[in-house]
Amino acid sequence: MVPQLAIEAAAHSDVGRRRSHNEDSFAALPCLGLFMVADGLGGSAAGEVASRMAIEVVKSCFEEDNDLEETWPYGTAPAHDRDEVRLVLSVRRANRAIYEASQRQEQTRGMATTFAGVLLGPGMAYIAHVGDSRVYRMRGGRLERLTRDHTLLEELLREGDGALAALEALSGRADAVTRALGCDKSVDIESRVEPTQPGDVFLVCSDGLWGPVPEARIEGVLGGHRDLSLAASLLVDIANEHGGPDNITCVLARLGGG
């Protein structure tokens with residue numbers, strides 16, 4: 001169990017202007033130091049079921065406070081390593097649960113979801129993500145993205161030479177997600193560990209926010225409004241002002257001083 005820290009949190013989610021229902025799910029759990037967003041993939045069967053399962057499974061892994069898999073040296077690892085491993089293994093468990101559920105029922109076959117989560121521990125932030133939901137950190141008035149999207153666009157850009165020609169051939173598919181929870185029995189979960197400072201603000205959001213809203217505008221809102229509830233609402237409003245093309249979800253967490 002992660003020791004309880006002084007953390008302020010707020011969250012807001014909206015269906016947007018062009019969707020009939022909200023397939024995003026989220027959790028802001030200061031008592032666990034855990035903050036998550038999952039975005040059911042548009043066009044996939046039961047995306048809202050998959051996103052809800054992802055959040056609930058990961059949450060339950062921290063609430064139960066038991067070992068997740070015997071194959072990892074979980075119990076003997078240093079505390080920082082255990083926190084990172086626990087987060088990654090909880091997301092792995094969520095992937096397996098979603099995949100197995102999708103195989104049991106025809107109406108949920110093919111369901112999948114992105115996932116982004118931050119676990120805040122003493123002096124450290126543990127980040128795990130799959131897909132194109134993002135984690136940002138606001139520190140000293142500067143917004144920094146801490147995740148990279150698992151999309152065709154970012155993969156091609158990382159390849160270097162020939163990427164531009166390949167992008168031209170995508171015909172609007174550049175934002176297609178290349179990884180998601182529930183697509184297969186196993187998934188490559190990307191993780192990182194970042195040292196924290198008092199006053200750090202972490203933003204976890206779906207592409208319905210970062211897609212239509214420039215990062216400079218997000219930075220301006222977070223820098224100009226200390227009230228996290230107000231900031232979350234404003235970010236969602238701005239995304240809708242920019243057309244609200246998708247479901248919009250943002251979760252904010254700020255570390256206290258000391």
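All residue numbers in this chain count up from 1 along the given sequence. The shown structure was predicted, so the numbers you read here are calculated from the model rather than taken from an experiment.
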Among the clusters formed by ILVMFWY side chains lying less than 4.5 Å apart, do Phe26 and Leu120 turn up in the same one? yes
Distance (rounded to the nearest 0.5 Å) between Thr147 OG1 and Trp210 CH2: 9.0 Å
Which residues satisfy the side chain to side chain donor-acceptor pair (under 3.5 Å) test with Ser13, sequence neighbours excluded? Asn22, Thr249
I need the Met138 CE to Glu219 CD distance, nearest 0.5 Å. 5.0 Å
His242 versus Pro214: any side-chain heavy-atom pair under 4.5 Å? yes
Is it the case that the side chain of Asp207 and the backbone of Ser133 share a donor-acceptor pair, with hydrogens and angles ignored and the cut-off at 3.5 Å? no
Would you check if the side chain of Arg192 reaches a backbone N or O of Leu146 as a donor-acceptor pair within less than 3.5 Å? yes
Salt-bridged, Arg18 to Asp246, with N to O below 4.0 Å? no
Are the side chain of Arg254 and the backbone N or O of Asp200 linked by a donor-acceptor pair below 3.5 Å? no
Out of Asp24, Asp132, Asn247, Thr114, which one pairs with Ser206 under the side-chain contact (heavy atoms from CB on, under 4.5 Å) rule? Asp24
Ion pair present between Arg134 and Glu215, side-chain N to carboxylate O less than 4.0 angstrom? yes
For residues Ala128 and Ile189, report the shortest heavy-atom separation together with the two atoms involved. CB-CG2, 4.1 Å
Starting from Val15, can I reach Val49 by hopping between I/L/V/M/F/W/Y residues whose side chains sit under 4.5 Å apart? no
Given side chains that start at C-beta, do those of Phe35 and Val135 come closer than 4.5 Å, heavy atoms only? no
Would a hydrophobic clustering, with Ile, Leu, Val, Met, Phe, Trp and Tyr connected at side-chain separations under 4.5 Å, put Tyr126 with Leu32? yes
Output a table of donor-acceptor pairs, distance under 3.5 Å, between side-chain atoms of residues 231-241 and any protein atom two or more places apart or on a different chain; print 'none' if there are none.
{"residue": "Ser233", "atom": "OG", "partner": "Ser229", "partner atom": "O", "Å": "3.2"}
{"residue": "Asn240", "atom": "ND2", "partner": "Asp14", "partner atom": "OD2", "Å": "3.1"}

So if you build clusters from Ile, Leu, Val, Met, Phe, Trp, Tyr with side-chain heavy-atom gaps below 4.5 Å, do Leu34 and Ile55 land together? yes
To check you understand the geometry: which heavy-atom pair defines the closest contact between Gly182 and Asn95, and what is its length? N-OD1, 2.8 Å
Got Met124 and Glu84 here, is their nearest side-chain heavy-atom distance under 4.5 Å? no
Heavy-atom donor-acceptor pair, Arg93 side chain to Val57 backbone, under 3.5 Å: no
Drop me the distance from Glu8's CD to Asp227's CG, to the nearest 0.5 angstrom. 8.5 Å
How many angstroms lie between CZ in Arg109 and OH in Tyr99, if you round to the nearest 0.5 Å? 9.0 Å
Distance check, rounded to the nearest 0.5 Å: Phe62 atom CZ versus Ser90 atom OG? 4.5 Å
Is the shortest side-chain heavy-atom distance between Gln103 and Glu100 below 4.5 Å? no
Check for me, please, whether Leu255 and Val118 land in the same ILVMFWY cluster - side-chain distances under 4.5 Å, paths through other members count. yes
So, for Ser51 and Glu23, which heavy atoms are closest and what is the spacing to 0.1 Å? OG-O, 2.7 Å
Applying side chain to side chain contact (heavy atoms under 4.5 Å, CB included), run through Val58 and Phe115 and close with a yes or a no. CA-CA 10 Å; Val58 174; Phe115 176 88; 4.1 Å; yes
Going from CG on Leu252 to NE2 on His12, what distance comes out if it is rounded to the nearest 0.5 angstrom? 11.5 Å
If you compare all heavy atoms of Met36 against all heavy atoms of Val251, which two are closest, and at what distance to 0.1 Å? O-CG2, 3.8 Å
Closest non-hydrogen atom pair, Leu181 against Ala94: CD1-CB, 4.4 Å
Considering non-hydrogen atoms only, spot the tightest contact between Leu209 and Cys250 and give its length. CD2-CB, 3.7 Å
